[in-house]
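Remember, predicted model here, so these are calculated numbers, not experimental data. Every chain is numbered from 1, with letters handed out A, B, ... down the list of sequences.
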Amino acid sequence: MVKIGVLGLQGAVREHVRAVEASGAEAFIIKWPEELEEMDGLIIPGGESTTMRKLIDKYQFMPNLKQFAAEGKPMFGTCAGLILLAKHVVGYSEPHIGVMDVTVERNSFGRQRESFEADLAINGVAEQYPAVFIRAPHIVEAGENVEVLAKHNGRIVAAREGQFLGCSFHPELTEDNRLTNFFVQMVTESKAKSTLV
Amino acid sequence: MRTGTDRVKRGMAEMQKGGVIMDVVNAEQAKIAEEAGAVAVMALERVPSDIRAAGGVARMADPTIMEEVMGAVTIPVMAKARIGHIVEARILEAMGVDYIDESEVLTPADEEFHLLKSEYTVPFVCGCRDLGEAARRIGEGAAMLRTKGEPGTGNIVEAVRHMRKVNAQVRKLVTMDDAEIMTEAKLLGAPFEVLLEIKRLGRLPVVNFAAGGVATPADAALMMQLGADGVFVGSGIFKSENPAKFARAIVEATTHYQDYELIAELSKGLGGAMKGIEISSLAPEARMQDRGW
C-alpha cells in the first residue's frame, strides 16, 4: 500500500485524508518537514495559499518540498495547492515551490459570491465530474510538457506534468474519488518504478 | 454552473480550517493580519471591546472600511451584519464581501427572527451556545458556525462552555436510536432533519470555529484541543501591545495546538494581552451572547 502525505498546515486536510483512504492508500497528515521522507506521494490541499506559504517558511518546509519533487515523487495540488506548485503566479515575481510548468492566476473567477459548481470532463479520469470551485485560481498558460486534463469555459482547470497533478477545484469536497484514485495510481506506478531501479 | 450552493458555501468555510480569522478596522491592520498568516479578516468599524466601551447601538460598519480592506488584501474578507437585518446583509453581499457574520456583537435588528441565510449567494457564519442553536442556524442556511463566547472580554470561559456543550450534545445524539431523535429535536428546539444529518455524519455538517474571548496563543490552542475547527480573534490581537507578534503567535499555536514546547516558546515576551473582563461582573444587558436565540 502506498503512503500519501497530506500537507497539514491549514485547509481541507481531513477531506483529503478521507478520499485517499477511500482510494485504498494510507494517508498521513504532514505537520513537520522530516515527516515527508517516508511518503511516496504528497497532496497539497485547498486552503489559503498565503497562510500555507507563511507556515511553510516558518517551519522550513521549502528545501524538503523541493527535494521531494527532485526525487520524482508525485505531488497533487488542489486550488491553493496548485498555486504552491506552479512555476509562475500572475502578479508575483517569485513562485512558491515552483516545480510545475504552469502559470496560475489567483482568485481568477472572482470573489466568494462567484464561487460555483460545474460538471467537467477530465481526460482519462471522468466524462462527467462534479467540480467545486471556491475563489479558485486557473491555469493561464501551460508549458509544452503539460497535459491539459480539463477546461471550464475555455480556461484550464486541471493538468498533469509527469509527476505533478494540479487542479483549480476541490475533489476532496465531493464523494467522487475518481481524481484522487487517479493520483493514487500515479503514486503506485512511481513507487513501482523507483523500487525497480 | 451553479453559484451559492450549500457545497460552495460550506466548502469555503472548510478551506479556512486550522486557521485564524482576525478582526481588523482598517487596511493597515488587514495587512498585518495577512502578513501574520490569517486565513481571513473580519472588517469592522470597532472591535468588540470598543463596541462594549462605546455603548449605544452597534451597526454594520461603514462600507468604506470593507472596501478599503478588500482592496488591501487577497485573503477573504468577512463583515458583520446585525441579527435579522436583511438589508445590511444584502448590502454586504452586493459589495462582494466573502462571508457575512450574522453577529450578536452588533445590536440585533430583529429579536424574533434570524436571517433566512439559504436565500443568499454569499455564505454566513453564526454563533451558537448549544446544539439546538447550532441546528437552528444550519436549518436557516448558515454555512459555518462559531461559539458565541463572550465577545470583547478577553475571557475564554464562555467559548469553552459553548464548544464543550455542542460537542457533548453531538456525541450524545450520535449514540441515539433514530426513534429517539424527534424527541431530542423537540427538547433542543432543533430541526429534525438537521439532527438526522448530524447523526449520520457523526459530526456537525459545517465547521465550528471558536470565537468570543480568545486572548492568547494558549487560548487558541485550548479551543483547537476542545475540537474547534479554527479560531476567530476579535479584540485579542489589535488590543495587545504588539499586534504583529501576537498575531503570528496565535496562528502558530492554532496550527500546532498540541506542541506545548512550541507554544511555550512563542508565548514568551509577547507583551501584555488585552486586559479582560470577569464574566460575572457583566450586567445582564451587557451579555452579548444572550442576543439571538
Side-chain angles (χ1 to χ4, degrees), chain A residues 6-16 18 29 31-32 45-59 78-81 83 89 91-92 105-107 109-120 130-137 152-153 169-175, chain B residues 1-21 31 33-41 70 73-78 92-100 120-124 143 203 207 229-230 247-249 251-252 254-259 262 266:
Chain A
V6 179
L7 189 64
L9 295 174
Q10 190 271 317
V13 178
R14 175 177 75 202
E15 290 74 12
H16 271 298
R18 180 200 55 76
I29 297 173
K31 287 208 166 199
W32 296 105
E48 284 307 319
S49 63
T50 49
T51 304
M52 279 191 235
R53 176 59 198 271
K54 304 282 174 211
L55 294 167
I56 282 173
D57 290 346
K58 184 85 203 174
Y59 303 118
T78 63
C79 192
I83 295 167
V89 183
Y92 295 79
E105 184 175 355
R106 293 182 63 203
N107 300 337
F109 293 91
R111 301 194 73 94
Q112 172 58 20
R113 65 179 174 194
E114 280 88 38
S115 294
F116 62 96
E117 287 184 53
D119 290 323
L120 291 181
V132 186
F133 293 81
I134 295 173
R135 290 170 43 97
H152 174 73
N153 289 347
F169 50 90
H170 294 282
E172 73 278 15
L173 288 184
T174 69
E175 304 287 311
Chain B
M1 204 172 118
R2 303 169 297 278
T3 56
T5 61
D6 276 351
R7 204 140 66 175
V8 165
K9 294 200 274 192
R10 292 176 179 185
M12 161 73 194
E14 300 284 350
M15 296 310 138
Q16 305 267 297
K17 273 191 310 210
V20 182
I21 299 167
K31 282 182 182 153
E34 184 176 50
E35 189 54 38
V39 289
V41 288
M70 284 194 284
V73 294
T74 62
I75 54 177
V77 176
M78 300 187 172
L92 294 173
E93 180 178 55
M95 289 185 65
V97 162
D98 295 298
Y99 232 98
I100 298 176
Y120 296 71
T121 306
V122 65
F124 281 84
R203 57 174 170 81
V207 301
D229 290 305
R248 281 197 302 272
V251 168
E252 279 196 69
T254 303
T255 308
H256 291 292
Y257 60 91
Q258 285 173 312
D259 191 327
L262 176 83
L266 49 89

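Using a 4.5 Å cut-off between heavy atoms, B/M95 contacts chain A through its backbone alone, with no side-chain atom that close. Using a 4.5 Å cut-off between heavy atoms, B/V77 contacts chain A through both its backbone and its side chain. Proximity to chain B (any heavy atom under 4.5 Å) is restricted, for A/E172, to the side chain, taken from C-beta onward. Both the backbone and the side chain of A/R111 come within less than 4.5 Å of a heavy atom in chain B. Residue contact with chain A, scored on non-hydrogen atoms closer than 4.5 Å, involves the backbone of B/A38 exclusively. At a 4.5 Å heavy-atom cutoff, the contact between A/T50 and chain B is made by side-chain atoms alone. In this structure, chain A has heavy atoms under 4.5 Å from both the backbone and the side chain of B/E252. Neither the backbone nor the side chain of B/I100 has a heavy atom closer than 4.5 Å to any heavy atom of chain A. Neither the backbone nor the side chain of A/R53 comes within contact range of chain B; no heavy atoms are under 4.5 Å apart. For A/P130, the part lying under 4.5 angstrom from a heavy atom of chain B is the side chain only. Proximity to chain A involves both the backbone and the side chain of B/T74, based on heavy atoms less than 4.5 angstrom apart.
Between B/M1 and A/N153 there is a side-chain heavy-atom pair separated by less than 4.5 Å. Here the side chains of A/H170 and B/M15 are in contact, with some heavy-atom distance below 4.5 Å. Side-chain contact between B/M12 and A/S115 is absent, with no heavy atoms from C-beta onward closer than 4.5 Å. The side-chain heavy atoms of A/T174 and B/R7, taken from C-beta on, include a pair separated by under 4.5 Å. With a 4.5 Å cut-off on side-chain heavy atoms, B/V251 and A/L55 count as touching. Residues A/R14 and B/D229 are in side-chain contact: their nearest non-hydrogen atoms beyond the backbone lie under 4.5 Å apart.
Side-chain atoms of A/K54 never come within 3.5 Å of backbone atoms of B/E34 as a donor-acceptor pair (strictly under, hydrogens ignored).
Considering only heavy-atom pairs separated by less than 4.5 Å from chain A, the leading option among B/T3, B/V122, B/V39 is B/V39. Considering only heavy-atom pairs separated by less than 4.5 Å from chain A, the leading option among B/E35, B/Q16, B/K17 is B/K17. Taking B/T254, B/V8, B/V97 one by one and counting their heavy-atom pairs under 4.5 Å with chain A, the maximum is reached by B/V8.
Evaluation of the salt bridge (Lys or Arg N to Asp or Glu O under 4.0 Å) rule for A/R18 yields no partner, not counting sequence neighbours. By the side-chain hydrogen bond (donor to acceptor under 3.5 Å, both in side chains) test, B/T121 is found to be paired with no residue, residues two or more places apart in sequence or in another chain being considered.
Between A/W32 and B/H256, the ring planes are parallel. Angles under 30° get that label, and only those over 60° would be called perpendicular.
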